[in-house]
Amino acid sequence: MRFGIYGCRHAHIAEFVDEMLKLGHEFVGIYETELDIAKGMAEKYKVPIFDKGEELLKLKPDVIGTSAVNNRKIDIIELALSRASM
């Protein structure tokens, strides 16, 4: 499976990434507007950071992980679901 991170405001998202990689899945990239956490993760895992969420979604990941700010998570879930049916 291919997976991406859409919002990484909490560093514990790295646990999700590590587990997915351990299972043999491909990490395709990160979307985040505030780069403090995202930059370190992108360097560590050697994946791109996207300026727009749409750029990440164009890669058609099978799974989206998020540790976005809590009040944004429902928007991300709805967006990912709308893309899954395309």
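All values below were derived from every heavy atom in this structure, side-chain atoms included, with hydrogens, water molecules and symmetry-related copies excluded.
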Checklist entry - Hey, are the side chains of Val28 and Val47 touching, using non-hydrogen atoms and a 4.5 Å cut-off? => result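 They are not in contact (no side-chain heavy atoms under 4.5 Å apart), so the answer is no.
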
Checklist entry - Are Phe27 and Met20 connected, step by step, through hydrophobic side chains (Ile, Leu, Val, Met, Phe, Trp, Tyr) whose heavy atoms are closer than 4.5 Å? => result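 Yes, Phe27 connects to Met20 through the hydrophobic network.
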
Item to check | same_hphob_cluster(Tyr31, Leu35) at 4.5 Å side-chain heavy-atom cutoff | outcome: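 Each belongs to a different hydrophobic cluster.
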
Item to check | Heavy atoms from other residues, nucleotides or ligands near CD of Glu15 exceed 12 (cutoff 6.0 Å) | outcome: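 No, the 6.0 Å shell around CD holds no more than 12 heavy atoms from other groups.
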
Checklist entry - How about Arg72: does its CZ atom have over 12 heavy atoms from other parts shown lying under 6.0 Å from it? => result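 Atom CZ in Arg72 is not packed in, count stays at 12 or less.
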
Next on the checklist: Over 60° means perpendicular and under 30° means parallel, so tell me whether Phe16 and Phe3 are parallel, tilted or perpendicular.
Outcome noted: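 Plane angle over 60°, so perpendicular.
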
Item to check | Side-chain ion pair, Lys58 and Glu55, N-O less than 4.0 Å | outcome: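 Glu55 and Lys58: not salt-bridged.
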
Kindly compute the distance separating [atom1] ([X]) from [atom2] ([Y]), expressed to the nearest 0.5 Å.
{"X": "Phe50", "Y": "Thr33", "atom1": "CZ", "atom2": "OG1", "answer": "15.0 Å"}
{"X": "Cys8", "Y": "Asp36", "atom1": "SG", "atom2": "CG", "answer": "8.0 Å"}
{"X": "Glu32", "Y": "Leu56", "atom1": "CD", "atom2": "CG", "answer": "11.5 Å"}
{"X": "Ile5", "Y": "Ile30", "atom1": "CD1", "atom2": "CD1", "answer": "7.0 Å"}
{"X": "Ile37", "Y": "Lys39", "atom1": "CD1", "atom2": "NZ", "answer": "14.0 Å"}
{"X": "Asp75", "Y": "Thr66", "atom1": "CG", "atom2": "OG1", "answer": "10.5 Å"}

Next on the checklist: Under a 3.5 Å distance rule, please check whether Asp62 uses its side chain to pair with a backbone N or O of Met1 as donor and acceptor.
Outcome noted: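 No; judged by distance alone, with no hydrogens or angles, the pair does not exist.
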
Next on the checklist: For Asn70, is there any backbone N or O sitting under 3.5 Å from a side-chain donor or acceptor partner on Arg9?
Outcome noted: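 Absent.
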
Next on the checklist: Testing Leu57, Leu79, Leu81 one by one against Ile64 for a side-chain contact (heavy atoms from CB on, under 4.5 Å), which residue passes?
Outcome noted: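 Answer to the side-chain contact (heavy atoms from CB on, under 4.5 Å) test with Ile64 among Leu57, Leu79, Leu81: Leu57.
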
Checklist entry - Would Met41 and Ile13 count as a side chain to side chain contact (heavy atoms under 4.5 Å, CB included) if you check the C-alpha gap in whole Å, the side-chain angles of each, and the deciding distance to 0.1 Å? => result CA-CA 9 Å; Met41 286 187 64; Ile13 192 69; 3.4 Å; yes

